[in-house]
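Accompanying notes for the structure given below.
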Amino acid sequence: MRVALLANLKKNAPTLPGESPDRWDDLDSEETIQSIMQAIAAGGHDVTFLEGNASLFETLPRAKPDICFNLCEGHFGDGREAHVPAILEMLRIPYTGSQVLTLALALDKPMTKRVLTYHDLPTPPFQVFERVSEPLNSQMEYPLFVKPSREGTGMGVSAESIVRDDAQLRTQLRRLFERYDQPALVERYIEGREVTVGLVGNLRSPVAWRVPDDEEAPRILKGLHFLPALEVDMTAYPVEEAGIYTSRIKVEMAHEFHYLCPAPLADDQIDELNWLAAAVFRVTGCLDVARVDFRLDAHDGDRPYILEVNPLPGLNPGYSDLCIEAAAGGWSYEDLINEILNLAIERYELE
Ligand SMILES: Nc1ncnc2c1ncn2[C@@H]1O[C@H](COP(=O)(O)OP(=O)(O)O)[C@@H](O)[C@H]1O
Ligand SMILES: [Mg+2]
C-alpha cells in the first residue's frame, strides 16, 4: 500500500517573534520520523514523509497515498491537532488514529473533563481561570494544581504548578497567562503515583459501545488491546521536580527516563485502570490508539484519577511512554507502528 507519513517536524516549525522556548516541544524529531518510516516499510508498504501543513493540498494529490499515518500536532489554534485530519477528510483520504472531533476535544483538557464528568468517570475536580483575579470556587480546596488548558508534553508544568495558598495560585496564574495565551486549568492536586495506560485497537462488541451504569454489568472490552501500564519512577528524579511529570523530565531528561513497566500494581488495580482507560477511549471517541494518564491518590487508597487522554501519543522509539509499554508487552517498535496502521486499514476496509 502507498502510505504517507504526516507529521510536524521540529525543524520545519514556523519561528515567531517572542515565542516561548517550549513552543514546539511536542513536535517530532527526524529520528522518530526515520524510525516510523522504516517500520512502515518493513510492514511491506511504500512510504513517503510529508510535512503536515498547508502544503498538503499540493503534496497529497501528487503522492496519492492509499492511507496516511497521522502524527500531526499542528501549529496554530485550539483545534491544531485536528487540522490535518480535517484536510484529509476534505480530500477523502483515509488516515490512522482518532478523527477531528476527538483530537480537538482531547487537546482541550477542561472540555475533556466535562465529558468524563458527564460519564461519571473520575477526574480531579476543577475550575477554569481566564483572569488572574477570578474568585476560587468554594469547593476547591488547597493544594491545587495549575496548568495550561491546551498544551501537552508537560508544557507549563513544573513543581510550581502545585499551589498551596491564594498568593501562590495567583502567581502561577499570572505566569501561565504571560506565557500561554489560553485559559488555565486549576485542579485538585492528586498526590501519589503516576501511571499511564496505552491502548491499541477499536471497540468491537456492541455492548462496549456504552459504559455500563451498573457496577455489576459485564465490562466488555473486545477489540481493545491494553499495553502493560507504565509508572513513572518519581523516586529517581530530583526532589525539585516534586513528584510531578514535569516538562523538564519529559523534554530535558527524556533520554534518561526512569520508569517501572509493567507498573507494580495488583491485578485488580490494573483491571480498574484498563477499564477506565477503555471507558475514556470510548466516550472521547478514540480510534486505533491512545494513552490515558492517571494519578493514584495516595491519601485515598491509590484511588485512580484520570488526568487526560492522548489520542496522538508520542512515538519516539525507546523513550516515549507508549513505545516502552509496547516493548514491555512483547511488541517490537515495528509491531506497534504496523498494528496502528493495520487497524486503520481494517476500519476503512482497504484490504
Ligand atoms: N491534578 C493533578 N494533580 C497532581 N499532578 C498533576 C495534576 N495534573 C497534572 N499533574 C502532573 O503534571 C503532569 C502533566 O499533566 P498532564 O495533564 O498529563 O499534561 P501533559 O499534556 O503535559 O502531559 C502529569 O503527568 C502529572 O505529573
Ligand atoms: Mg500527560
Side-chain angles (χ1 to χ4, degrees), residues 20 22-27 73-74 78 80-81 103 105-113 116-117 122-129 140-164 169 172 176 179-180 182-198 229-238 240-254 257-259 263 277 280 284 290-300 302-314 316 320-322 325:
S20 118
D22 59 357
R23 169 79 193 234
W24 307 119
D25 274 359
D26 55 357
L27 302 192
E73 302 279 345
D78 57 14
R80 58 189 176 274
E81 291 189 358
L103 293 171
L105 174 71
L107 186 59
D108 190 310
K109 290 180 178 141
M111 280 297 182
T112 305
K113 287 166 68 73
L116 300 183
T117 306
T123 184
F126 70 107
Q127 182 180 346
V128 176
F129 283 75
M140 296 291 284
E141 284 174 19
Y142 292 103
L144 296 169
F145 197 90
V146 189
K147 58 187 172 183
S149 288
R150 298 187 208 112
E151 298 296 344
T153 321
M155 285 186 225
V157 171
S158 67
E160 272 110 56
S161 304
I162 308 168
V163 297
R164 300 185 183 276
L169 169 65
Q172 192 57 18
L176 286 192
R179 193 151 178 189
Y180 305 95
Q182 58 188 279
L185 170 58
V186 176
E187 288 185 328
R188 183 198 290 165
Y189 168 57
I190 309 295
E191 185 168 359
R193 299 165 69 180
E194 170 102 19
V195 178
T196 178
V197 174
L230 177 151
E231 177 170 1
V232 184
D233 182 8
M234 295 299 183
T235 62
Y237 289 102
E240 295 85 69
E241 303 307 311
I244 301 297
Y245 200 2
T246 56
S247 132
R248 259 167 60 76
I249 296 181
K250 290 193 189 204
V251 179
E252 289 168 40
M253 307 188 219
F257 186 34
H258 300 283
Y259 57 85
V280 173
T284 57
R291 216 193 66 232
V292 180
D293 293 345
F294 295 91
R295 291 285 283 197
L296 310 184
D297 188 351
H299 301 291
D300 190 7
D302 274 354
R303 182 170 166 184
Y305 283 89
I306 300 153
L307 293 184
E308 59 156 351
V309 53
N310 298 284
L312 281 179
N316 305 289
S320 281
D321 299 347
L322 195 81
E325 294 177 8

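If you read the sequence from its start, that first residue is 1, and numbering goes on from there. Every number for a ligand or one of its atoms is a count from 1 in the order of the listing.
Ligand 1 has no nitrogen or oxygen under 3.5 angstrom from a nitrogen or oxygen of Val157. The shortest N/O to N/O separation between Arg188 and ligand 1 falls below 3.5 Å. At least one N or O atom of Gly154 sits closer than 3.5 Å to an N or O atom of ligand 1.
Between Asn310 atom CG and Thr196 atom OG1 the span is 7.0 Å, to the nearest 0.5 Å. Note that CE of Met111 and CG of Leu185 are 12.0 Å apart. Values are rounded to the nearest 0.5 Å.
Here the heavy atom of the protein found nearest to atom 21 (O) of ligand 1 is Lys109 NZ, 2.7 Å. Among protein heavy atoms, the minimum distance from atom 8 (N) of ligand 1 is reached at Lys147 NZ, 3.0 Å. In terms of protein heavy-atom proximity, atom 26 (C) of ligand 1 is nearest to Glu194 OE1, 3.1 Å.
Taking a 4.0 Å cut-off on heavy atoms, Glu191 fails to register as neighbouring ligand 1.
Glu160 is linked by a side chain to side chain contact (heavy atoms under 4.5 Å, CB included) to Ser158, Gln172, Arg175, counting only residues two or more places apart in sequence or in another chain. Here Met234 pairs with Glu194, Val232, Tyr245, Arg295 under the side chain to side chain contact (heavy atoms under 4.5 Å, CB included) rule; sequence neighbours left out. Under the side chain to side chain donor-acceptor pair (under 3.5 Å) criterion, Ser247 pairs with no residue at all, not counting sequence neighbours.
Taking every non-hydrogen atom of Asp293 and a distance limit under 4.0 Å, the qualifying atoms of ligand 1 come out as 18 (O). Annotation for ligand 1: atoms under 4.0 Å from non-hydrogen atoms of Glu151 are 21 (O). Taking a cut-off of under 4.0 Å to the non-hydrogen atoms of Glu187, the atoms of ligand 1 that pass are 1 (N), 2 (C), 7 (C), 8 (N). The distance from ligand 1 to the heavy atoms of Ile244 drops below 4.0 Å at these ligand atoms: 5 (N), 11 (C), 12 (O), 27 (O). Residue Tyr189 approaches ligand 1 through these ligand atoms, each under 4.0 Å from one of its heavy atoms: 3 (N), 4 (C).
Considering only heavy atoms from C-beta on, Asp297 stays 4.5 Å or farther from Asp302 through its side chain. Side-chain contact between Arg188 and Tyr305: present, with at least one pair of heavy atoms (C-beta onward) separated by less than 4.5 Å.
Atoms of the protein (N, O or S only) found under 2.8 Å from the Mg ion (ligand 2) are Asp293 OD2, Glu308 OE2.
For Glu73 and Arg80, the salt-bridge test fails: no basic side-chain N is under 4.0 Å from an acidic carboxylate O. The pair Glu187-Lys109 does not count as a salt bridge, with every side-chain nitrogen at least 4.0 angstrom from each carboxylate oxygen.
Nearest-heavy-atom check against atom 23 (O) of ligand 1 across Arg295, Glu241, Lys250 picks out Lys250.
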